[in-house]
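Structure record follows, encoded as structure tokens.
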Amino acid sequence: VVITRDNSVIGRLGTYDLKSPYITGYMNTPADWPNSSAGYFVIDTVKDECKTSLTEGLWKAELKKIQWEKPNLHKPD
């Protein structure tokens, strides 16, 4: 589960990768979780910003903005 600093739940982490100061990945969030997101995400840990519920196309566009071409998405340990 990914939780923001204000303690709101973003969703259940399916896969992720990190490249400081960014974390990206995919949320496998059940549909019955209220106020949570499914889809791709990008978190900027310096600016404390999070973009969630991204389609693959929007996700790739966000990654391009931060010059991150090919994240190595993997499941959490």
Side-chain angles (χ1 to χ4, degrees):
V1 175
V2 176
I3 302 174
T4 64
R5 288 184 188 181
D6 68 356
N7 292 322
S8 60
V9 175
I10 297 172
R12 182 188 301 162
L13 187 61
T15 59
Y16 78 102
D17 194 10
L18 57 112
K19 175 183 169 185
S20 189
Y22 305 104
I23 305 168
T24 192
Y26 188 82
M27 293 289 183
N28 293 327
T29 304
D32 61 345
W33 281 23
N35 303 319
S36 59
S37 302
Y40 291 94
F41 67 91
V42 178
I43 300 171
D44 182 330
T45 62
V46 171
K47 294 180 181 177
D48 198 22
E49 295 177 348
C50 181
K51 297 188 179 185
T52 61
S53 301
L54 300 172
T55 63
E56 186 174 2
L58 290 173
W59 174 65
K60 288 180 178 181
E62 289 298 322
L63 292 176
K64 187 174 183 178
K65 290 178 190 176
I66 59 175
Q67 300 174 346
W68 192 356
E69 290 186 31
K70 294 183 181 180
N72 180 21
L73 298 182
H74 55 281
K75 292 184 178 188
D77 294 333

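For clarity, every value in this text was computed on a predicted model and none was experimentally measured.
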Listed partners of I66 passing side-chain contact (heavy atoms from CB on, under 4.5 Å), at least two apart | Y22, V42, L63, W68
With sequence neighbours left out, what residues match K75 under side-chain contact (heavy atoms from CB on, under 4.5 Å)?
-> T15
L73 CG to T24 OG1 distance, which is reported to the nearest 0.5 Å | 6.5 Å
Under a single-linkage definition using a 4.5 Å side-chain heavy-atom cutoff for Ile, Leu, Val, Met, Phe, Trp and Tyr, are W59 and Y26 assigned to the same hydrophobic cluster?
-> yes
Would you please name every residue forming a salt bridge (Lys or Arg N to Asp or Glu O under 4.0 Å) with K51, sequence neighbours left out?
-> E62
For the hydrophobic clusters of this structure (ILVMFWY residues joined by side-chain heavy atoms under 4.5 Å, transitively), does one cluster hold both M27 and I43?
-> yes
Hey, what do you get for CG (L58) to OH (Y40), rounding to the nearest 0.5 Å?
-> 11.5 Å
Taking every heavy atom of G14 against every heavy atom of P76, the minimum-distance pair comes out as O-CD, 3.4 Å
Residue pair D17 / H74, side-chain heavy-atom distance below 4.5 Å = yes
With sequence neighbours excluded, residues passing side chain to side chain donor-acceptor pair (under 3.5 Å) with K64 | none
For L18, check side-chain contact (heavy atoms from CB on, under 4.5 Å) against everything at least two apart and list the hits.
-> Y16, I23
Distance-minimising heavy-atom pair for P21 and V46 = CB-CG2, 3.3 Å
What residues form a side chain to side chain donor-acceptor pair (under 3.5 Å) with E56, not counting sequence neighbours?
-> K60
